[in-house]
Amino acid sequence: MCGIIGFTGSKNAAEVLVDGLAELEYRGYDSAGIACFTAPSAITTIKTVGKVSQLRASIPFGFTASCGIGHTRWATHGGVTQANAHPHSCGHVTLIHNGIIENYLSLRDELTATGRIPVSQTDSEIAAMLIDSLYTGDAYQAIRDAAARLEGAYAFCILFADQPDTIYCIRKGSPLVACHSEIGSVIASDMVALLRYSKDYFVLSEDQIACLKPEGITVTTLAGEAVCPEYQTVTWDVSSAQKNGFKHYMEKEIHEQPDALSRTIMPRLSKHTDNDCCYTLPDLSADGIPDSLFENLHRIIITACGTAMHAGMMGKILFERLLRIPVTVDIASEFRYQNPILDENTLVITVSQSGETADTLAALRLARAQGARTLSIVNVKGSSIARESDHVLYTHAGPEIAVASTKAYTAQLSAFYLIAFRAAYALKKLSAADCAHLTSQLLTVVSDIHTVLADKAVTEEIGRHLIKADDLFFIGRSMDYALSCEGSIKLKEISYIHSEAYAAGELKHGTLSLITSEIPVIALATQQDVLAKMISNVKEVRARGAFVILITTEAAVVEEGLYDYRINIPVCEDLFAPFSAAVYLQLIAYHTSYLRGLDVDQPRHLAKSVTVE
Ligand code: F6R
């Protein structure tokens, strides 16, 4: 949450910062600001409530600077006001902050007692006050001393008024990546803001200090020892993080799913000979995931947040079906405080697009500390969760910019399928022939998604109907229930229509009383083994007048009077139905939001990367 960027070099810093903030805006968008050196010891700060476009408009014509810092905010401490917008200044110090300082109240009391008066309600300004109070001309010492006093999570970019063209940075919990290119040195919370300058970057490690100057970046440990940062190269280019002719990032990302899935699945397939027959099977050895990871497991725990957790719900069904090992799925923010029972025979799988979600990261740390085996499914290379897991399976979805996750979700699903198939084969629960068959079916989802994308008209028509709704239900059983949870979050987060996902069989235990002719119900019925039961549940809501949108298969025999719209997903084995059905649900959510005239990519109150608890 919150996007931060710092630049020092030969280009106009105001331009570099605002362009970078526009790329980072998905991380927070309630206010934005920059602070730049406009003379050797003069720092000018410009901040506005609203989006980065408003900040851009408020920068005076001809404003130039060679060094500065910029921030786009997702409010935590204090409302959305100009005073609470970053950067914050105190004395010699001007800074931007991503994270939460947990002990800011006690620090505020201590610092105000020395005569410093905060002008905002933020914890970040207190951090600026603290660093200023510790500054006697040695920036490193002040930052070190401040780090010893600050509790919580932070990524800071700091200007000292008497050190022109220099930016100091430190992080704990919240991410920072940096690069040096021909225009100078850049640091930001996410690679997308660096891409136009360099494909080579490094992740600043926790408790290291980076000092950016136009000629280069120096990294030291807190103890002052020099560190040689480990550079990595991004494999995607700047166009991956642009809209490329689509109206919205979400629409573009929905359409990128066939590629995202191919990139995630294909490199993990290899030929294997068994009894003189050659089979194509998942192979995770190049990812450093040995078959022994799945041996002697008593239990698997999948933990994540939001959409990533919904992918985990699908993972549970797959693992239990194929491996016959008990699996639980836990919301990461609950798991971390539940004192879970973990040991070396437990595999904890964390799932995260960003790899930075604070609760998921904390769950992973807890699992490792208690001796569990850990495996993460992560999209962002080099992110904290990826770096701290024993094993990582990267989804190769490419950068996901829209706040509502789409391609990352289906890529996470495909990762679960690969892991489940490989583990079942390794544990001899699947023969090579059966595993190869399932693997070939997984590959067909790519063309199925192409088919769904060509069938957009029906989802737009459904969207036109849903825009009038105040409440809505998604119902399904087994895999379709896991998918209902995802359909519901997708719709509510971008259309602001209240919706709930319900296990279809559970409705009659209370919730059926809410079903009236005003309530649309999206019923998912793609699973043959529970189809008859599911149709009975559709009858129950229909009998109460519900407007029914049925997502099912061509083969399902359903009386016409039971639905208002029927979508048949492309023909596939039931196990693979979630992919096509998910894309239909994403398109329904997308059209509903767009037709309601809402901000599809940046829904209110949300942010893409949730690095606070
Ligand atoms: C919803 C959505 C969120 C994220 C959740 C976890 O569309 O995107 O629910 O899935 O915040 O984020 P990551 O996957 O980055 O850990």
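In this chain, residues are counted from 1 in sequence order. Owing to the predicted nature of the structure, the values given are computational and were not obtained by experimental measurement.
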Problem - Row check, Y496 ring normal vs R596 NZ/CZ: under 6.0 Å, within 45° - result: no
Practice task
Please list, chain by chain and in numerical order, all residues satisfying ring pair (Phe, Tyr, Trp, His ring centres under 6.0 Å) with Y135, sequence neighbours excluded.
Solution key: H92, F160
Exercise for the section: Using only heavy-atom distances, determine whether the side chains of N84 and T81 contain a donor-acceptor pair under 3.5 Å. Expected result: yes
Exercise for the section: Give a yes or no answer on whether the side chain of D599 reaches the backbone of Q602 with a donor-acceptor pair at less than 3.5 Å. Expected result: yes
Exercise for the section: Answer with yes or no whether the side chains of T395 and N379 bring together a donor and an acceptor at under 3.5 Å. Expected result: yes
Fill in the blank from the handout: For P214 and H180 the tightest heavy-atom approach is O-CE1, 2.9 Å
Practice task
May I ask you to check whether S174 and E356 show a side-chain donor-acceptor distance below 3.5 Å?
Solution key: no
Practice task
Would you kindly say whether T374 and S389 are connected by a side-chain donor-acceptor distance under 3.5 Å?
Solution key: no
Handout entry: Parallel, tilted or perpendicular, as decided by the 30° and 60° cut-offs, for the rings of Y197 and F7
Key = parallel
Handout entry: Plane angle bin for Y590 and H248 - parallel if under 30°, tilted between 30 and 60°, otherwise perpendicular
Key = perpendicular
Exercise for the section: Would you tell me whether S384 and R171 have side-chain atoms, one donor and one acceptor, within less than 3.5 Å of each other? Expected result: yes
Problem - Student check: side-chain heavy atoms of D601 and I401 closer than 4.5 Å - result: no
Practice task
Would you tell me whether Q586 and T406 have side-chain atoms, one donor and one acceptor, within less than 3.5 Å of each other?
Solution key: no
Fill in the blank from the handout: Closest non-hydrogen atoms of I494 and A589, given as atom of the first, atom of the second and distance, are CD1-O, 3.4 Å
Practice task
Check the side chains of E251 and Y594 for a donor-acceptor pair under 3.5 angstrom, ignoring hydrogens and angles.
Solution key: no
Practice task
Give a yes or no on whether the backbone of I101 and the side-chain of D123 come within a donor-acceptor separation of less than 3.5 Å.
Solution key: yes
Practice task
State whether a side-chain donor-acceptor pair under 3.5 Å links E125 with S120.
Solution key: yes
Fill in the blank from the handout: With sequence neighbours left out, the residues meeting ring pair (Phe, Tyr, Trp, His ring centres under 6.0 Å) with F156 are H97, Y154
Exercise for the section: Give the minimum heavy-atom separation between A188 and L194, together with the two atoms involved. Expected result: CB-CD2, 3.9 Å
Practice task
Check whether any side-chain N or O of T264 sits under 3.5 Å from a backbone N or O of S262 as a donor-acceptor pair, and report yes or no.
Solution key: no
Problem - Distance-only polar pair, side chains of S405 and E400, donor-acceptor under 3.5 Å - result: yes
Problem - Greater than 12 external heavy atoms within 6.0 Å of R149's CZ - result: no
Exercise for the section: Spell out, as yes or no, whether a donor-acceptor pair under 3.5 Å connects the side chain of W74 to the backbone of H605. Expected result: yes
Practice task
Take atom CD1 of I331 as the centre, draw a 6.0 Å sphere, and report whether it contains more than 12 heavy atoms from other residues, nucleotides or ligands.
Solution key: no
Please output the side-chain donor-acceptor pairs of residues 216-229 that fall under 3.5 Å, not counting sequence neighbours, one pair per line with the distance.
{"from": "T221", "atom 1": "OG1", "to": "A223", "atom 2": "N", "distance (Å)": "3.3"}
{"from": "T221", "atom 1": "OG1", "to": "G224", "atom 2": "N", "distance (Å)": "3.3"}
{"from": "T221", "atom 1": "OG1", "to": "E225", "atom 2": "N", "distance (Å)": "3.0"}

